[in-house]
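Quick notes on the structure that follows.
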2 protein chains.
Amino acid sequence: MLTEKDKRSFQDYLTQKGLKLSGPRMKILEVVLQGTKHLTANEIYGNVQKRYAGIGYATIYRTLRLLCEAGLCMELKCEDGVCRYEHAGDDAHHDHLICTKCGRYVEVVDPEIERLQERLFKVNGFFPQRHRLELYGICRKCKG
Amino acid sequence: MLTEKDKRSFQDYLTQKGLKLSGPRMKILEVVLQGTKHLTANEIYGNVQKRYAGIGYATIYRTLRLLCEAGLCMELKCEDGVCRYEHAGDDAHHDHLICTKCGRYVEVVDPEIERLQERLFKVNGFFPQRHRLELYGICRKCKG
DNA sequence: GCTAATTTGATAATGATTATCAACTTCAAA
DNA sequence: TTTGAAGTTGATAATCATTATCAAATTAGC
Ligand SMILES: [Mn+2]
Ligand SMILES: [Mn+2]
Ligand SMILES: [Zn+2]
Ligand SMILES: [Zn+2]
């Protein structure tokens, strides 16, 4: 799940910004791209520690920001006030169904909804930039 | 904009919970229901101070929570990490178009989008509870 | 290898919200 | 009315995720 292309992509972004691809950054890139999606910085910190002890919180946050800037990750500002991160491949935009019991995130896209959103922008005279759609409910497993 | 019905509604909620309708609560109810929508707790605190000095921050937060529980207000968890509040009349649910330049909130509803969201819940085996749709763009005024 | 620039980890700071608590209100019974 | 138990208030400390700071360590191009 961590391709050479991703590494190069990160490397390129850093170089272009006059930054360096350090050991810690490489390790975090690896753990984030190989791990589960929609994790908090704290959970990612834990996953990184498991494999590479000694990397600090600040470096996790700093590197997550770089990964987002480089387009390799997306940051989700969640309702509980904690950010979650997902590696954003070349795959398109998606929205989320979120279980309020177990916290599971399900990725969904509805092209019809996307189209109607564009219409809302236009009708109200807004230049569209982005949107956020979150559907909260109880998943099949949690309903029992 | 602050009807007798609202007052009674708040009073009823408090009574039913064994709570009291105090002076500060009454004043905050008045300022919130008569004022602009989509304000932060801090902005509401300022508006309350203008008319009734001496009411503390904590009381603002506590009363906003009560107003939400009573169904008179809605809390929006915004992307900047600050909550905003709007008085929720009997009017139905709505979503928001938000200008990323001036911060203006425009309320919108698209019944078609609402319907398609329900379908997404169903298709994915979720019991629907609520949703959040925010459309970020640049408003007509800000585009100049 | 050398060295200037960048990065790191520990930790202090920030900022919104919540918890704490002694003093003050409320309200209904006496 | 007076009274007092229950609830409320304002000031302020605590919380918690995220950022900023900074001396010591690492990186990358020469
Ligand atoms: Mn996702
Ligand atoms: Mn609104
Ligand atoms: Zn679930
Ligand atoms: Zn605007």
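A, B, ... follow the sequence lines: proteins, then strands. Residue 1 opens every chain. No experiment lies behind these values; they were computed from the predicted model shown.
- Straight-line distance from the CD1 atom of A:I28 to the C1' atom of C:dG9: 11 Å, rounded to whole Å.
- Using a 4.0 Å cut-off between charged nitrogen and carboxylate oxygen, A:D110 and B:R119 count as a salt-bridge pair.
- We find that A:E79 and B:R130 are joined by a salt bridge, their nearest charged nitrogen and carboxylate oxygen being less than 4.0 Å apart.
- Between the side chain of B:R104 and the main chain of B:I138, no donor-acceptor pair closer than 3.5 Å is present.
- Between C:dT17 and B:Y61, a contact under 4.0 Å exists linking OP1 or OP2 to a side-chain N or O.
- Residue A:I55 contributes atom CD1, which lies 13 Å from atom C1' of D:dT26 at whole-angstrom precision.
- What separates NZ of B:K77 from P of D:dC16 is a distance of 15 Å, to the nearest Å.
- Per the geometry, CD1 belonging to B:I60 stands 15 Å off C1' belonging to C:dT18, to the nearest Å.
- Take the nearest nucleotide of DNA chain C for B:V82 and for B:G23: the residue whose nucleotide is more 5' is B:V82.
- Interface remark: the B:R62 side chain does not form any donor-acceptor pair with the D:dG7 base, using a distance-only criterion of under 3.5 Å.
- Where B:L21 and B:Y45 each meet DNA chain D at their nearest nucleotide, the meeting point lying more 5' is that of B:L21.
- We find that CE of A:M26 is positioned 21 Å from P of C:dT6, with the value rounded to whole Å.
- The interatomic distance linking A:E75 (CD) with D:dT18 (C1') rounds to 10 Å, in whole Å.
- At distances below 3.5 Å, at least one donor-acceptor pair connects side-chain atoms of A:R25 with backbone N or O atoms of A:K20.
- In the set D:dT8, C:dA16, C:dG9, D:dT8 carries the atom at the smallest distance from any side-chain atom of B:L19.
- The CD-P distance, from B:E43 to C:dT17, rounds to 11 Å in whole Å.
- The backbone N or O of A:I55 sits nowhere less than 3.5 Å from a side-chain atom of A:T59 that would complete a donor-acceptor pair.
- For the OP1/OP2 pair of D:dT8 and a distance below 4.0 Å, the side-chain nitrogens and oxygens of B:S22 include no atom meeting the criterion.
- Taking 4.0 angstrom as the limit, B:R25 places a side-chain polar atom (N or O) nearer than this to OP1 or OP2 of D:dT9.
- The interatomic distance linking A:K20 (NZ) with C:dT6 (C1') rounds to 4 Å, in whole Å.
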